[in-house]
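Contents: one structure, followed by commentary.
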Amino acid sequence: MTTSNNDLPSNFIHKMIEEDLENNRYGDRVHTRFPPEPNGYLHIGHAKAICLNFTTSAKYGGKCNLRFDDTNPSAEEMEFVDNILKDIHWLGFDWEDRLYYASDYFDKLYEFAVILINKGKAYVDDLSPEEIREYRGSLTKPGKDSPYRDRSVEENLDLFERMRKGEFEEGSRVLRAKIDMQSGNINLRDPVIYRILKAKHHQTGDKWCIYPMYDYAHPISDALEGITHSLCSLEYEDHRPLYNWFLEEVGVFEQPTRQIEFARLNLSRTVMSKRKLRALVEAGLVDGWDDPRMPTIAGLRRRGYTPESIQDFAERIGVAKANSVVDVALLEHCIREDLNAKAPRAMAVLRPLKVIIDNYPEDQVEELESSNHPNNPEMGSRTMPFTREIYIEQEDFMENPPSKFYRMTPGKEVRLLNAYIIKCESVVKDENGEIVEVHCTYDPGSKSGGPTAGRKVKGTLHWVSASHSVPAEIRIYDYLLNEEDMNDEDEDDFKAQINSNSLEILKDAQVEPSLKSSNPGDRFQFMRQGYFVQDIRDSRPDHLVFNLIVNLRDTWAKMQKNK
RNA sequence: UGGGGUGUCGCCAAGUGGUAAGGCACCGGACUUUGACUCCGUUAUGCGUAGGUUCGAAUCCUGCCACCCCAGCCA
């Protein structure tokens with residue numbers, strides 16, 4: 001029974017699932033899970049996996065569990081659990097009542113280990129960590145059996161029991177699966193499945209002092225939850241024989257879970273490894289895990305990305321087995337597309353230049369109607385006060401412009417968005433020759449909606465009233481890295497490529513007065529510039545802070561650059 | 001020199017023997033009171049490489065090359 005929905009792109013995982021459906025491998029069930037370890041923050045690479053797991057099960061009418069892979073209490077914390085939960089919900093996915101922890105299964109995992117011992121498939125090893133490494137051999141050299149490998153079942157049972165009771169020191173003994181020390185696959189050379197860790201666990205407290213290893217806990221957790229397809233990243237490909245071995249040897253699962261591996265996401269101009277991300281935080285190069293430049297879910301949220309845009313991105317990048325680096329331009333495309341439709345337009349002048357309209361009455365204030373979205377009248381309109389003195393963008397004025405410069409220049413006319421056509425008459429400079437203000441005249445008939453409103457001029461500028469605009473701090477973000485791909489580089493090379501200009505703070509910006517009533521988290525398109533979000537952490541009613549989400553496409557800048 | 005993977009346009013990625021989808025980026029052009037959006041159009045005689053099978057191959061076979069992962073009591 002295939003209920004494939006053709007709206008979603010196909011990928012090799014869907015294909016495998018559909019084969020299983022046809023072969024009735026799991027009946028009509030499709031059940032996935034997302035298994036984060038609570039030892040850090042989620043990033044957009046995790047988002048890919050989250051989207052994949054939730055949308056795949058949904059596509060076939062199945063479910064997706066959330067399960068914390070919390071088998072290593074020395075690395076994990078409740079704080080991370082809470083933030084992961086928050087991030088996944090924000091991304092738009094719901095695990096309903098299916099929130100689990102690998103630690104929920106510690107009792108069962110222990111019982112299954114006893115089964116393994118009884119079958120002669122596991123043994124307690126007294127070798128030190130160093131000795132275990134030596135005995136394991138190398139990539140090209142087979143391993144050799146531990147002298148403790150052939151202990152009796154009774155002795156193993158006794159020792160394992162005493163490990164659990166805390167009779168032994170950390171590192172003094174482990175439980176190992178008895179597989180094959182000669183295997184070409186190093187994972188099969190008698191992997192450790194339980195180690196002694198006298199650490200307090202965030203879920204189980206002090207109940208345990210032995211903890212299962214991932215390779216052992218994961219397949220069993222999957223099987224216990226009735227997971228049909230366990231999706232994981234490529235590096236676990238080598239572990240699949242081991243995954244299957246545990247499910248087989250434990251012997252109680254009728255139709256064991258199938259592990260399927262796919263390539264994790266890499267993004268250009270940033271890094272995805274927890275280590276490198278942590279290095280950025282700890283070196284103070286960013287503001288924290290939720291710094292708007294970080295590829296973390298928390299960072300993207302604060303940056304102003306929408307959950308929808310991230311889901312769309314996850315869908316567009318596809319799923320395959322080839323290692324790849326996705327161009328960050330695709331992510332930017334996704335948020336632009338989403339916000340182009342959703343974000344109300346507003347005007348903000350980032351670097352103000354004063355313009356005085358000499359023939360406009362000094363005390364006059366006109367409330368000019370401005371559409372909130374020129375392509376979508378349903379989003380309504382607001383008014384903007386127009387006055388004799390306004391601000392325009394510094395870069396929208398040039399005394400000696402290059403060709404094709406359509407903006408303000410002496411003697412030429414430009415249109416002010418939703419307002420009048422004005423003509424530049426003169427400029428005023430300070431003693432250093434810096435332009436401090438520009439004098440213009442306006443054409444009263446050219447008011448938007450007015451009699452000669454249809455007159456065409458080449459350039460259109462955004463503006464705000466100098467007397468009515470409100471000051472704001474605007475933060476302009478750039479990529480974290482100068483180099484395209486630093487995902488595989490070591491820490492030093494990666495640090496050498498850090499973009500030292502990834503944040504520019506504009507403290508003198510002026511925004512239109514309607515923005516005073518906006519709230520943290522509100523997103524706007526500042527016309528002709530980009531999409532911005534009111535910062536959810538630092539913005540205050542008396543000190544507005546906006547973050548650049550992504551700039552608008554800028555054909556003019558591109559033209560200049562290509563010259 | 002062990003084992004496991006992967007190689008299709010600048011970046012992703014379909015394709016599973018019948019004559020190279022799509023998206024992003026790029027480059028042209030139209031439209032435009034956002035140099036935005038939108039809309040049109042161009043862009044792989046070629047699928048890591050060399051042979052072979054076939055009427056026909058990115059798809060099958062053989063050899064070679066390149067890259068990634070594995071030697072935690074991490075996940």
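Throughout, a chain's letter reflects where its sequence line sits, starting with A, and its residues are numbered from 1.
- The six-membered or imidazole ring of A:W556 lies away from that of A:Y406, with a centre-to-centre distance of 6.0 Å or more.
- For the pair A:R67 and A:F34, the cation-pi test (distance below 6.0 Å, angle within 45°) is failed.
- Rounded to a whole angstrom, the distance from the P atom of B:U6 to that of B:G46 is 26 Å.
- The pairing partner recorded for B:A58 is none, the criterion being a Watson-Crick or G-U wobble arrangement whose two distances lie under 3.5 angstrom.
- The gap from the P atom of B:U42 to that of B:U32 amounts to 24 Å, rounded to the nearest Å.
- Across the strands present, B:G63 finds its partner in B:U49; the criterion is a Watson-Crick or G-U wobble pair with both atom distances under 3.5 angstrom.
- Taking every heavy atom of residues 327-339 of chain A and every atom of RNA chain B, pairs under 4.0 Å involve A:D327, A:A329, A:L330, A:H333, by number.
- Aromatic ring centroids of A:H239 and A:Y243 lie 6.0 Å or more apart.
- The span of RNA chain B lying next to chain A, judged by atoms under 4.0 Å from heavy atoms, is bounded 5' to 3' by B:G2 to B:A75.
- A side-chain donor-acceptor contact under 3.5 Å links A:S74 and A:N72.
- Side-chain polar atoms of A:S230 and A:R33 form a donor-acceptor pair below 3.5 angstrom.
- Residues A:F546 and A:F532 place their aromatic rings such that the two centres sit no closer than 6.0 Å.
- A cation-pi arrangement is present between A:K276 and A:F494 under the rule of less than 6.0 angstrom and at most 45 degrees off the ring axis.
- Nearest-nucleotide mapping onto RNA chain B: of A:E235 and A:D126, the residue sitting toward the 5' end is A:E235.
- When the P atom is compared between B:G29 and B:G17, the two are found 44 Å apart, to the nearest whole Å.
- Remark: B:G2 base-pairs with B:C70. Criterion, Watson-Crick or G-U wobble with two distances under 3.5 Å.
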